[in-house]
Amino acid sequence: MKHKQTWKVKASILALLFCMMCMLGCGKSSTSNEKTLRVGTNAEFPPFEYINNSGEIDGFDIQLIKAVGEEMGYQVEVQNMEFKSLLGSLKSGALDAVIAGMTVTDERRESVDFTTTYYTATQHIIVTVDSDIISLEQLNGKKIAVQEGTTGDLLVTPEDDNEIITDKNTEVKRFKKGTDAIIELKNGSVDAVVIDANPAKEFVRVNEGVLKNIEITDIKEEYAIAVSKGNEQVVDDINEGIRRIKENGVFDELVETYINGTEKSVRRHSDNPFIEFLYTLEFVFISTNGYKLLLQGLVATIGISLAAVLVGIVLGLLLALMKMTEVQKGKKTLWSRLASIYIDIIRGTPAIVQLLIMYMVVFQSKMGMVAAILTFGINSAAYVAEIIRAGILAVDKGQMEGGRSLGFSYAETMRYIILPQAIKNILPALGNEFITLIKETAIVGYVAIQDLTKAADFIISRTYETFLPLIAIAIIYYCLVKLLTKGLNVFERRLRQSDIR
């Protein structure tokens with residue numbers, strides 16, 4: 001009777017879940033007619049796109065595409081990713097458009113279509129205030145920093161068709177962000193940075209008295225929005241939207257706010273080294289809301305880590321039991337072979353490659369959080385499986401024989417006798433795997449997730465201070481690991497209380 005009631009409860013729960021899924025499906029279908037414009041950007045290019053003090057993607061380009069979307073009835077979804085990944089995501093269908101201060105070039109026209117141009121820019125050379133460089137020609141044979149894949153990169157790279165930079169000894173250092181190129185210049189590792197005019201002005205403004213910029217007046221370029229090849233409907237809609245916001249004055253308001261704006265970050269200074277350090281702390285973590293970014297990053301890191309740990313434990317246990325069928329049968333089985341192949345592939349490839357495949361190929365540059373959780377869970381499972389298997393094999397064979405002789409099935413013996421003993425043996429190794437997993441999540445910034453490391457990255461891009469943000473996340477990671485270690489030690493002591501005689 002009791003079993004029948006239990007099955008009734010289970011059936012009721014399953015029916016309820018099925019109804020909820022149907023309701024969700026109906027809800028999705030009712031809004032499926034709503035037009036959505038998935039737009040990619042690289043928020044490291046102020047004032048066109050950047051992370052503002054509230055931790056949100058902002059800038060001239062972002063507000064431009066949102067205004068266009070509002071005019072044309074689109075719901076605009078902006079995704080922040082690496083600049084060099086933008087066109088690839090566009091061609092794969094993960095994005096509908098790209099707006100990132102992107103220059104129209106013949107090479108890019110071969111793979112994507114462009115809307116009408118919305119801004120004309122020039123290139124600038126940024127150097128230290130004591131530099132004697134005043135022209136592009138003087139960069140021959142120098143060390144130059146650029147943002148990877150930009151017009152500045154093409155302009156200073158010595159090639160057969162480059163009539164200005166002809167010295168093959170010219171060293172070009174490519175960075176994913178313009179901010180990193182500026183930091184390299186401030187550290188004295190390069191002689192100059194070549195980048196678009198407006199970001200150059202912003203970089204120099206923030207580093208007033210340290211850097212200066214020289215405009216390359218004879219080289220002009222046009223910015224436009226990239227759209228996947230042949231998508232004429234989106235091109236026409238965006239062009240119409242740009243025309244409308246230029247007519248109604250919104251475009252001019254955005255130019256005045258973001259391009260011609262004079263808003264400056266507040267930073268105090270003092271001749272007293274200790275007071276200056278306090279002012280720097282205030283500027284890095286308070287004035288620019290750096291602490292909020294770190295808190296958001298901390299929540300993301302903990303959330304991904306906990307979810308991935310659960311996936312890793314469940315999947316790792318399943319894989320370990322699959323491999324143990326080989327011991328049970330005394331020969332290799334289909335399950336043990338499948339588990340071995342899985343473990344071999346996962347342990348033989350880097351986590352970052354697995355993350356990029358999961359995000360860009362499987363999820364088509366969508367649902368970055370889910371992609372990260374699954375990637376780290378799947379990766380961790382390969383190591384957890386071997387840890388659990390080793391713990392099971394460490395339990396004396398007589399325990400299995402004793403359980404079977406008492407009438408337990410193989411599964412029951414594993415559940416009630418073998419696994420409880422194995423857990424006590426593997427807990428230290430399992431704890432080390434979880435600690436490693438927390439630190440491995442530092443790479444989720446590659447898939448546009450703002451974890452701790454990415455939060456520090458954003459703070460650096462706005463303040464040009466590298467030491468304090470990096471030290472801050474190092475301390476936070478250390479505290480997380482320390483808390484986990486303490487918790488595992490307490491858990492281990494409780495498990496071993498029964499061993500004390």
Side-chain angles (χ1 to χ4, degrees), residues 36-46 48-51 57 59 61-62 65 76-105 107-115 145-154 157 172-181 195-196 199 223-229 231 234 300 304 349-376 441-451 453-455 457-458 460-461:
T36 300
L37 191 67
R38 299 166 299 167
V39 181
T41 192
N42 174 240
E44 306 285 351
F45 199 65
F48 291 93
E49 38 268 328
Y50 57 88
I51 302 296
I57 304 173
D61 281 352
I62 307 306
I65 195 64
V76 178
E77 296 178 356
V78 181
Q79 298 183 43
N80 181 25
M81 58 183 66
E82 299 290 340
F83 185 81
K84 67 178 182 180
S85 302
L86 290 170
L87 294 186
S89 297
L90 183 62
K91 288 191 288 184
S92 70
L95 298 174
D96 299 311
V98 167
I99 185 166
M102 185 170 286
T103 304
V104 179
T105 64
E107 291 80 5
R108 287 172 179 163
R109 282 190 183 278
E110 292 178 2
S111 56
V112 298
D113 289 335
F114 283 101
T115 63
V146 296
Q147 185 175 0
E148 185 179 23
T150 60
T151 304
D153 185 356
L154 300 173
T157 300
V172 180
K173 289 190 174 183
R174 297 173 177 84
F175 296 90
K176 296 183 182 300
K177 301 176 299 177
T179 308
D180 291 343
I195 200 165
D196 290 25
Y223 290 170
I225 300 169
V227 177
S228 55
K229 202 75 173 173
N231 196 343
V234 173
I304 292 171
T349 53
I352 181 62
V353 174
Q354 296 167 12
L355 179 62
L356 293 174
I357 291 173
M358 182 69 76
Y359 177 67
M360 301 185 73
V361 179
V362 178
F363 284 94
Q364 293 288 296
S365 299
K366 291 175 283 190
M367 296 189 292
M369 192 71 75
V370 176
I373 290 170
L374 288 178
T375 299
F376 290 112
T441 59
I443 63 174
V444 296
Y446 279 91
V447 296
I449 296 176
Q450 186 182 312
D451 70 319
T453 306
K454 196 66 176 177
D457 221 14
F458 289 147
I460 292 170
S461 69

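Values below: every heavy atom of this structure, side chains too, minus hydrogens, waters and symmetry copies.
- Atom NZ of K229 sits in a crowded spot, with more than 12 heavy atoms from other residues, nucleotides or ligands closer than 6.0 Å.
- Using modelled atom types and a 3.5 Å distance limit, the side chains of T157 and R174 yield a donor-acceptor pair.
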Quiz item: After noting the C-alpha distance and the side-chain angles of I51 and I57, does the key distance pass the side chain to side chain contact (heavy atoms under 4.5 Å, CB included) rule?
Solution: CA-CA 5 Å; I51 302 296; I57 304 173; 3.8 Å; yes
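- In this structure, T41 contributes its side chain and A100 its backbone to no donor-acceptor pair below 3.5 Å.
- M358 pairs in a side chain to side chain contact (heavy atoms under 4.5 Å, CB included) with only one of the listed residues (V362, L356, V361), which is V362.
- For F45 and F83, the ring centers are positioned 6.0 Å apart or more.
- The side-chain heavy atoms of E44 and F458, taken from C-beta on, include a pair separated by under 4.5 Å.
- How far OG of S228 is from CG of L87: 11.0 Å, rounded to the nearest 0.5 Å.
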Practice problem: Step by step, work out the side chain to side chain contact (heavy atoms under 4.5 Å, CB included) result for N231 and D113. | Solution: CA-CA 8 Å; N231 196 343; D113 289 335; 5.9 Å; no
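- Q147 pairs with exactly one of D153, N42, T179 by the side-chain hydrogen bond (donor to acceptor under 3.5 Å, both in side chains) rule, that one being N42.
- Between the CD1 atom in I99 and the OH atom in Y223 there is a gap of 11.5 Å [rounded to 0.5 Å].
- Side-chain atoms of E82 do not come within 3.5 Å of backbone N or O of K176 as any donor-acceptor pair.
- Side-chain atoms of N80 come within 3.5 Å of backbone atoms of A43 as a donor-acceptor pair (strictly under, hydrogens ignored).
- For the pair T115 (side chain) and I225 (backbone), a donor-acceptor distance under 3.5 Å is present.
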Quiz item: Between M81 and Y359, is a side chain to side chain contact (heavy atoms under 4.5 Å, CB included) present by the stated rule, with each step listed?
Solution: CA-CA 12 Å; M81 58 183 66; Y359 177 67; 4.3 Å; yes
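- Note that CZ of R38 and OG of S89 are 10.0 Å apart. Values are rounded to the nearest 0.5 Å.
- In this structure, the side chain of D61 does not engage the main chain of E49 through any donor-acceptor pair within 3.5 Å.
- Within the 4.5 Å cutoff, the side chain of I304 has heavy atoms near those of the I449 side chain.
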